Amino acid sequence: KGCATKTAEWEERSKLRAEELVALADTIKVLNDDDALELFKKTLPSPSSSFVQVAAKASTVRARALEALRNAKGAAAQSDRTGLDLLMLALAGKRSLSEGGFDKVIKMCDEMIEVLKREQLDDENKKEYCGTQFDLSDDNKKKLEREIADHENAIATAEETIATLAEEIAALEEGIKNLDKSVAEATE
């Protein structure tokens, strides 16, 4: 992809990450607020109650994972959807129903994360390369503009010199004509 496309994609990702960080900071601020603490205290009936879940069925976990993947697929770019489709297929397949079915999915997720990390590194390297190339192009452009200006000045100076020499030649030719006339009159 071209440098401009990579730069635009990088800007979009950077903006999205910044928005996510702001949202997280706002969430933490709300959760750390005294009003939130009071609200949490009111919602819990007594200290002996707990929301800890001790076990979950594999089918429930699989259903939640499939739902999360469907949501991610809806928000994902077209190029990322094939990987999500593959994960959904792995979750819905017969082997995923048996024990250890998530091992393959987890491995696929880890591999996808590694691919994304490599792509991120490639993007950063490409951005750095593009920046260097832009700088070199700007330097060459400025150098050529200076050379053009120098050549234009040399041309203007040469044209002035030609005009001055043409005037001097015309004056000398006029002087020669006058001298020839004077010599012709003197010899008569």
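All residue numbers refer to positions in the sequence shown, counting from 1. Note that the coordinates shown come from a computational prediction; the quantities given were computed from them, not determined experimentally.
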**Item:** Value rounded to 0.5 Å, distance of CD in Gln133 from CG in Asn140
**Value:** 10.0 Å

**Asked** Taking atom CD of Glu147 as the centre, does the number of heavy atoms from other residues, nucleotides or ligands within less than 6.0 Å exceed 12?
**Response** yes

**Prompt:** Looking at NZ of Lys141 and CG of Leu144, how far apart are the two atoms once the value is rounded to the nearest 0.5 Å?
**Reply:** 10.5 Å

**Message:** Within this structure, what is the CD-CG distance for the pair Gln120 and Asn125, rounded to the nearest 0.5 Å?
**Reply:** 10.0 Å

**Prompt:** If you measure from OG1 on Thr157 to CD on Glu159, what distance do you get to the nearest 0.5 Å?
**Reply:** 9.5 Å

**Item:** Side chain to side chain, Leu16 and Glu12, heavy atoms closer than 4.5 Å
**Value:** no

**Request:** Calculate, to the nearest 0.5 Å, the distance between atoms CG and CG belonging to Asp122 and Leu116 respectively.
**Result:** 11.5 Å

**Item:** From CD (Glu9) to CD (Glu119), nearest 0.5 Å
**Value:** 10.0 Å

**Message:** Tell me whether Glu19 at atom CD has more than 12 heavy atoms from other residues, nucleotides or ligands lying less than 6.0 Å away.
**Reply:** yes

**Message:** Using the side-chain contact (heavy atoms from CB on, under 4.5 Å) definition, which of the options Glu111, Arg118, Met112 pairs with Val115?
**Reply:** Arg118

